[in-house]
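Structure record follows, encoded as structure tokens.
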Amino acid sequence: ISTSVGLGWSLTGLGCISRQINGFPDEWRGYGPQDNVDFDLRITSGVDVDYLRSVFEAKKDVEYDCYNYSFAGYSGSFYIIDGNIVECPASELVITPRRNNIDNTGEITGFDIYSPEGTVYTFEDKEYIKAISYSTVITTPMINRDYKAVSQWNLTKISSALEKDAVTISYTPRQEWTRTSDKMLSGYSFNFNLGERALYSTLTESAGPNLDERTRFINHSIPSRISTSTGSIEFTTRKTTITPHLGAPADFISGITLKDADGKVIREVTLDNTTAFIDGRQKLSGVDVFSDGVLIDRYRLLYNDRTKDRGYDFFGYPNGKGNDPGYNHSAITHELNLSSWRQPVPKYLADNCLTGISTITGLKTSIQYEPSTVNITPQREESVFSGNIIVGPRIKTIETTDTVTGRVRTRTYEYYDPVCNIPLGCLIYSDFISQSGIHTFYGDTKPTTYDLGITYLPSASLRGTPADNAQLYYGWIFSTN
């Protein structure tokens with residue numbers, strides 16, 4: 001999804017505390033007939049059939065949410081366990097939740113983080129998500145896994161230790177939008193009846209059901225103004241006329257203006273993000289910088305635009321084989337092989353990637369890419385991934401040409417000790433398969449009926465191993481001129 005600036009770009013210098021919701025939000029208690037969700041993590045004792053059933057029926061939350069902070073050069077994570085902040089790893093910061101009551105048990109409305117120097121960073125602008133599941137399968141009892149919760153608290157104030165000066169940050173909410181995950185999958189259905197003397201069975205290959213899960217983003221914010229006693233920074237936005245990717249917001253930051261304490265404009269920055277890639281994701285094509293209305297700097301950005309909306313490979317990169325008729329998102333086939341539709345295609349690896357930058361001074365930079373590979377050792381006999389695996393692109397060379405002097409400088413990069421953030425060698429075929437079934441019996445008058453279904457999933461269902469979010473990290477990167 002494109003940021004408020006453009007795909008692959010982001011504004012830095014502000015800050016936020018984001019929350020990774022594991023299972024249900026820790027404070028969530030359900031609603032309607034299912035209003036008894038409670039947090040109940042059992043590790044060594046009490047794990048009986050009733051406990052497992054209550055987890056399956058979404059009556060218990062068994063994972064702590066993880067909070068991640070990033071601001072002013074600080075970054076880290078923490079959990080809230082029994083109302084107490086537990087940092088991972090520990091730091092010199094002091095993190096204090098703001099709550100809506102005085103006994104420290106109510107809803108978290110924000111956070112204060114104190115630096116070792118005494119500076120206070122306050123996070124109070126809240127962004128929400130609403131998780132919605134649509135299922136064509138009717139279960140008994142009905143299981144409601146929907147929820148609405150705060151997903152992020154944005155930095156709203158920076159106060160000095162003596163509170164003589166403060167920086168305040170205000171935001172404008174982006175339009176609400178719903179991200180859908182509507183994917184055609186393949187599968188098998190199997191039916192057989194058992195009578196006294198007969199066995200009747202059918203085996204049907206089908207296109208399978210759509211996987212339809214939706215997330216509603218509410219009050220997601222764009223900074224509108226940063227104010228201090230010495231000046232301000234103001235942000236302007238525009239709405240695109242292009243249909244956004246997956247229903248994403250259509251409003252983007254188009255300009256940044258720096259003013260002094262008297263309101264005089266010191267600098268103006270305009271962002272050209274009026275065009276989009278073929279899949280509808282907005283691109284940042286240029287940046288202009290003005291001083292007193294005079295252009296003083298300019299950047300033009302070039303990309304490897306796709307000419308066709310191809311499918312995505314196993315790891316979520318837009319370099320799959322294609323998105324032609326017959327394409328589906330299942331990662332494996334009926335023969336338990338990796339799907340050819342989802343195989344990464346090396347010649348498409350740089351699709352949507354930045355390939356060139358030119359400046360007002362005559363500098364031109366070109367970027368070339370190569371496959372980012374890792375050798376996967378299978379951990380089990382039935383492991384899906386093994387050998388050399390391509391996980392997205394990496395930069396091969398960066399060449400900068402000074403068109404004024406004719407000087408050319410080329411940097412070539414070599415990569416060593418790759419590590420994948422997902423344990424690909426541990427994933428087995430059953431992690432990519434969802435099974436379901438119905439056993440129907442009518443007493444002595446009619447035969448027993450079994451209906452079984454198998455759906456081949458777009459990614460691994462094993463918790464904590466989203467293969468479509470795989471990335472490689474390198475222990476060593478060498479550059480040569």
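Throughout, residue positions are numbered sequentially from 1 according to the sequence presented. These numbers come from the heavy atoms of this one structure, side chains and all, not from hydrogens, waters or symmetry mates.
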Note to self: Regarding R394 and E370, does a basic nitrogen lie under 4.0 Å from an acidic carboxylate oxygen?
What the structure shows: yes

Notebook entry, point to check: What pair of heavy atoms forms the shortest contact from E124 to T156, and how long is it?
Noted result: N-OG1, 3.4 Å

Margin query: Treating T228 as the side-chain partner and G231 as the backbone partner, does any N or O pair qualify as donor plus acceptor under 3.5 Å?
Written below: yes

Margin query: Just so I know, are the side chains of I395 and Y369 near enough to count as touching, which here means a heavy-atom distance under 4.5 Å?
Written below: yes

Item checked: N/O donor-acceptor pair under 3.5 Å between R238 side chain and G255 backbone -> no

Next item on the list: Give a yes or no answer on whether the side chain of T403 reaches the backbone of G362 with a donor-acceptor pair at less than 3.5 Å.
Entry: yes

Notebook entry, point to check: Hey, is CG on N481 packed in by over 12 heavy atoms from elsewhere, all under 6.0 Å?
Noted result: yes

Next item on the list: Answer yes or no: is there a donor N or O on one side and an acceptor on the other, between the side chain of D417 and the main chain of Y474, under 3.5 Å?
Entry: no

Check: Any donor-acceptor pair under 3.5 Å linking the side chain of D313 with the backbone of Y317?
Finding: yes

Enumerate donor-acceptor pairs with a distance under 3.5 Å from any side-chain N or O in residues 68-79 to protein atoms, sequence neighbours excluded.
from, atom 1, to, atom 2, distance (Å)
N68, OD1, S77, OG, 2.7
Y69, OH, E87, OE1, 3.2

Next item on the list: Would you name the heavy atoms of I422 and A467 that are closest together and state the gap between them?
Entry: CG2-CA, 4.4 Å

Next item on the list: Quick one: which residue pairs count as a salt bridge (Lys or Arg N to Asp or Glu O under 4.0 Å) with a foot in residues 221-234, not counting sequence neighbours?
Entry: R225-E234, E234-K259

Notebook entry, point to check: Just by modelled atom types, is the N84 backbone N or O under 3.5 Å from a matching donor or acceptor in the D82 side chain?
Noted result: no

Check: If you take all heavy atoms of L155 and T122, which pair is closest and at what distance?
Finding: CD1-O, 3.3 Å

Item checked: Partners passing side-chain hydrogen bond (donor to acceptor under 3.5 Å, both in side chains) against D26 (at least two apart in sequence or in another chain) -> none

Next item on the list: Answer with yes or no whether the side chains of Q20 and N22 bring together a donor and an acceptor at under 3.5 Å.
Entry: yes

Note to self: Can you confirm whether the side chains of S170 and S224 place a donor and an acceptor under 3.5 Å from each other?
What the structure shows: yes

Margin query: Does this structure show an ion pair linking R216 with E176, if we count only N-O contacts that are shorter than 4.0 Å?
Written below: yes

Next item on the list: Could you tell me whether K148 sits above the aromatic face of Y128, with NZ or CZ closer than 6.0 angstrom to the six-membered ring centre and within 45 degrees of the axis?
Entry: yes

Item checked: Nearest atoms (heavy-atom pairs only) where Y64 meets I81 -> OH-CG2, 3.6 Å

Next item on the list: May I ask you to check if K283 and F277 form a cation-pi contact, with NZ or CZ under 6.0 angstrom from the six-membered ring centre and within 45° of the axis?
Entry: yes

Notebook entry, point to check: Heavy-atom distance under 4.5 Å between the side chains of I266 and T257, does that happen here?
Noted result: no

Next item on the list: Salt-bridge test for D65 and R19: reply yes if a basic N is under 4.0 Å from a carboxylate O, no otherwise.
Entry: yes

Margin query: Could you check whether atom OH of Y299 has more than 12 heavy atoms from other residues, nucleotides or ligands sitting under 6.0 Å from it?
Written below: no

Notebook entry, point to check: Does a salt bridge link R300 with D288, judged by any charged N lying under 4.0 Å from a carboxylate O?
Noted result: yes

Checklist line | N319 side chain vs A350 backbone, donor-acceptor pair below 3.5 Å | finding: no

Next item on the list: Give a yes or no answer on whether the side chain of N273 reaches the backbone of V5 with a donor-acceptor pair at less than 3.5 Å.
Entry: yes

Notebook entry, point to check: Does E127 use its side chain to pair, donor to acceptor, with the backbone of S221 at less than 3.5 Å?
Noted result: yes

Check: Is it true that the side chains of E117 and S115 contain a donor and an acceptor less than 3.5 Å apart?
Finding: yes

Next item on the list: For S159 and T119, work out which heavy atoms get closest and say how close.
Entry: O-CG2, 3.3 Å

Margin query: Quick test of your reading of the model: are R98 and D112 salt-bridged, counting only N-O distances below 4.0 Å?
Written below: yes

Note to self: Quick check: closest heavy atoms across P25 and D61, and the distance to 0.1 Å?
What the structure shows: O-OD2, 3.8 Å

Next item on the list: Run the numbers on R174 and D251 for salt bridge (Lys or Arg N to Asp or Glu O under 4.0 Å), then give the verdict.
Entry: CA-CA 7 Å; R174 303 183 78 179; D251 42 353; 3.4 Å; yes

